[in-house]
Amino acid sequence: MLLRHGFGFVFDVRRDRREKRGLEELLAPNFGVRLRRALDDLGPTFVKFGQLLSTRQDILPEGVLFELQKLQDTVAPVPLAVAERVIERELGAPVGEIFASFEEVPLGSASIGQVYRACLKGGEEVAVKVQRPDARGRVEADLTLMRDLAALLDARFGERLFIDVPELVAEFEGVIRRELDYEAEAQNARRFGHNFAGTEVKIPRVYRELSTGRVLTMEFVEGTRFHEVRPLLMAPGERRRVAAMGAEAIFKMAFDDGFFHGDPHPGNLILTPEGELALLDFGMVGFMSRGDVEALSRLFIATIRRDADAALRGLEGLGVRYATEVRGDLVQELREFLHKYSGLTVGEFSLGQALSELISLARRYRVSMPPVFPLLTKSLVTAEALARSIDPTINVYELAQPYARRLLLERYEPDALLERTGERAVEYARYLEDYPEQIRQVLAGLEDGTLEVRLRHGGIDELVGEVDVLANRLVFALVTGALLVGSSIIGAFAASGPQVPLLGVPVVAFIGFTLAALLAVLLLVVIFRSNRL
């Protein structure tokens, strides 16, 4: 598959040739298209990996992201009889005994599962998500292939990629394993339901007794998908309310809960007839610690105040890392970035554009970001796009300010300060307790000679490739020399046998001379083309 789409250079043993070709392919205008097609051909698991990559604005350029966003996780549904067997095996009863009715055609079908509409015996309308029987086995096989490919890319290109591919695959492995576990998705839904209790955001109820790791039964929500909403048919006040409701839901998740929906696209949001906002599909979520939430708030307030140093400290609090020597230049560019957006009016400001520029700045300075940051960025940008699609005059930047300000005020309340001081004291006490034992273990290892130091040589694979090429050239030269010497001996001592007309040289010797000459010319061409004599 990779060879077909122009990625054969990955398997080239020659480092110089591999890197030259790799750079040419990476800079090619159609790189994103070929990457999307390769992932599509590799199968559904790789498609989902591409969808995860499409959220990583910090490591991929916009053109590639745009192509990866076209990947669709839609496949032909399995027959109804197959889905019914899964339900019966998981729930321990025939479908007819559990449901009063069960629609034959699924509402949607993806690589891991498909969703059916059904009605319970008590009359409740439900959506039943059924996992494909082969989903787990196929995902495990694809993950094995993905890990092997990541290890190869890391060995062949290493730091020159500016992407830790094995870590990226490990991150994806965690994401897709959670998606395979419908019990985890049910738990996510229940947690969202608790967080949004008493608000205008509706979370479908989970029927625990009809849910397992492979079957998920939830309340069916009637309403209009956000991409089907017609804002021009609404009153101005209603447009504003609906737009603000969607944006504020994302900000509540980020600033108040530290637990947010990782894929709030228009298909996962429904406007109910009662005017509520319903969230669907809780397989992909993001988690933020209290420290992360506080760092995000500090970053937001620093942005409002145009304080570049404080903004950088906020980014550091979120786990953003960069080389120490670029800090001065990075702070200066951050200052210019903040002042650029400080004077814009509500209609001129775009959170999506500002975050895109911030991500570009991060790429330029080789800033490393934790996985949760791009996922949160995607959620915030999606929230703004949805809000503006309903009400173009809305400013989500202003909607987020009260959340950040309130959290920072709460942070400096006496009770909060006292609690943090206690936590730090316990943490430092644990360090003081652990360090003597760790030092003793190191000294004991030195004393009995069991202390090991592991050295990882990042360029060993390239060295092996170079040695392999040199060995091939040496064998080539030896064969050429042997042919030349052997042909000379035959030509000098052959007393009989057919000879080449006009030259008076035995045919066998002539063939040997010719082959030796061709091999010598070929060897010289290869050497000169590599620019290394």
Side-chain angles (χ1 to χ4, degrees), residues 39-51 71-146 173 175-190 203-223 225 263 265 267-268 270 278-284:
L39 292 172
D40 218 356
D41 286 349
L42 284 167
T45 307
F46 285 85
V47 167
K48 295 189 78 67
F49 181 62
Q51 291 175 332
L71 289 168
Q72 298 293 321
D73 182 25
T74 53
V75 294
V78 298
L80 177 62
V82 175
E84 288 181 337
R85 283 198 295 271
V86 174
I87 295 172
E88 291 172 3
R89 184 174 64 248
E90 291 294 312
L91 302 184
V95 172
E97 291 183 9
I98 302 172
F99 303 99
S101 63
F102 196 92
E103 293 188 0
E104 296 183 4
V105 180
L107 298 173
S109 178
S111 58
I112 291 179
Q114 49 202 47
V115 181
Y116 293 89
R117 184 172 182 174
C119 182
L120 299 179
K121 296 290 186 178
E124 302 94 333
E125 295 286 335
V126 294
V128 184
K129 191 173 182 179
V130 185
Q131 191 171 114
R132 292 169 175 267
D134 63 339
R136 300 196 179 200
R138 188 182 65 248
V139 166
E140 290 298 334
D142 287 343
L143 285 175
T144 300
L145 175 61
M146 205 174 287
E173 188 172 344
V175 170
I176 198 164
R177 286 191 191 282
R178 286 194 294 272
E179 289 199 27
L180 283 168
D181 184 4
Y182 287 177
E183 289 182 341
E185 183 173 347
Q187 179 60 32
N188 292 338
R190 288 194 290 270
I203 305 298
R205 171 194 169 192
V206 176
Y207 290 82
R208 297 191 185 189
E209 68 280 4
L210 298 178
S211 299
T212 68
R214 296 174 187 264
V215 174
L216 177 61
T217 305
M218 302 183 71
E219 173 188 1
F220 185 85
V221 179
E222 296 280 1
R225 303 273 177 170
D263 193 21
H265 63 76
N268 286 336
I270 290 180
L279 284 176
L280 306 178
D281 194 354
F282 309 100
M284 183 180 291

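The structure presented is a predicted model; accordingly, all values stated were derived computationally and were not measured.
- Using a 4.5 Å heavy-atom cutoff, the side chains of Asn268 and Leu279 are not in contact.
- Atom CZ of Arg178 is separated from atom CD of Gln187 by 13.5 Å, given to the nearest 0.5 angstrom.
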Exercise. Could you walk me through whether Val215 and Leu210 pass side-chain contact (heavy atoms from CB on, under 4.5 Å), step by step?
Key: CA-CA 8 Å; Val215 174; Leu210 298 178; over 6 Å; no

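- Looking at every heavy atom in both residues, Asn188 comes nearest to Gly283 through ND2-O, 4.5 Å.
- Atoms CD1 and CG, on Ile203 and Leu280 in that order, are 8.5 Å from each other to the nearest 0.5 Å.
- To the nearest 0.5 Å, the span separating CD1 on Ile98 from CD1 on Ile87 amounts to 7.5 Å.
- By the 6.0 Å contact criterion, CD on Glu209 is enclosed, its count of non-hydrogen atoms from other residues, nucleotides or ligands being greater than 12.
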Enumerate donor-acceptor pairs with a distance under 3.5 Å from any side-chain N or O in residues 120-131 to protein atoms, sequence neighbours excluded.
| unit_1 | atom_1 | unit_2 | atom_2 | d |
| --- | --- | --- | --- | --- |
| Lys121 | NZ | Gly96 | O | 3.1 |
| Glu125 | OE1 | Arg117 | NE | 3.3 |
| Lys129 | NZ | Glu185 | OE1 | 3.0 |
| Lys129 | NZ | Glu185 | OE2 | 3.3 |
| Gln131 | OE1 | Arg136 | NE | 2.9 |
| Gln131 | NE2 | Leu180 | O | 2.7 |

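- Ala83 and Val78 get closest at one heavy-atom pair: N-CG2, 4.4 Å.
- Between Ala135 and Ser111, the shortest heavy-atom distance links the atoms CB-O, 4.5 Å.
- In this structure the side chain of Lys48 reaches within 4.5 angstrom of the side chain of Ile112, judged on heavy atoms.
- A salt bridge is absent between Glu183 and Arg208; no separation between the charged side-chain nitrogens and carboxylate oxygens falls under 4.0 Å.
- Distance check, rounded to the nearest 0.5 Å: CD of Glu140 to CD of Glu173 gives 7.0 Å.
- Contact annotation: the side chain of Phe49 never approaches that of Asp142 to less than 4.5 Å [non-hydrogen atoms, C-beta and beyond].
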Self-check item: Trace of the side-chain contact (heavy atoms from CB on, under 4.5 Å) decision for Val139 with Glu179
Solution: CA-CA 11 Å; Val139 166; Glu179 289 199 27; over 6 Å; no

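- Across every non-hydrogen atom of Ser109 and Gln114, the tightest pair is OG-OE1, 3.4 Å.
- Between Met218 and Ala189 the shortest heavy-atom distance is CE-CB, 3.8 Å.
- The minimum heavy-atom distance linking Gly113 with Tyr182 is given by the pair CA-OH, 3.6 Å.
- Taking the side chain as every heavy atom from C-beta outward, Leu216 and Ser211 approach each other to under 4.5 Å.
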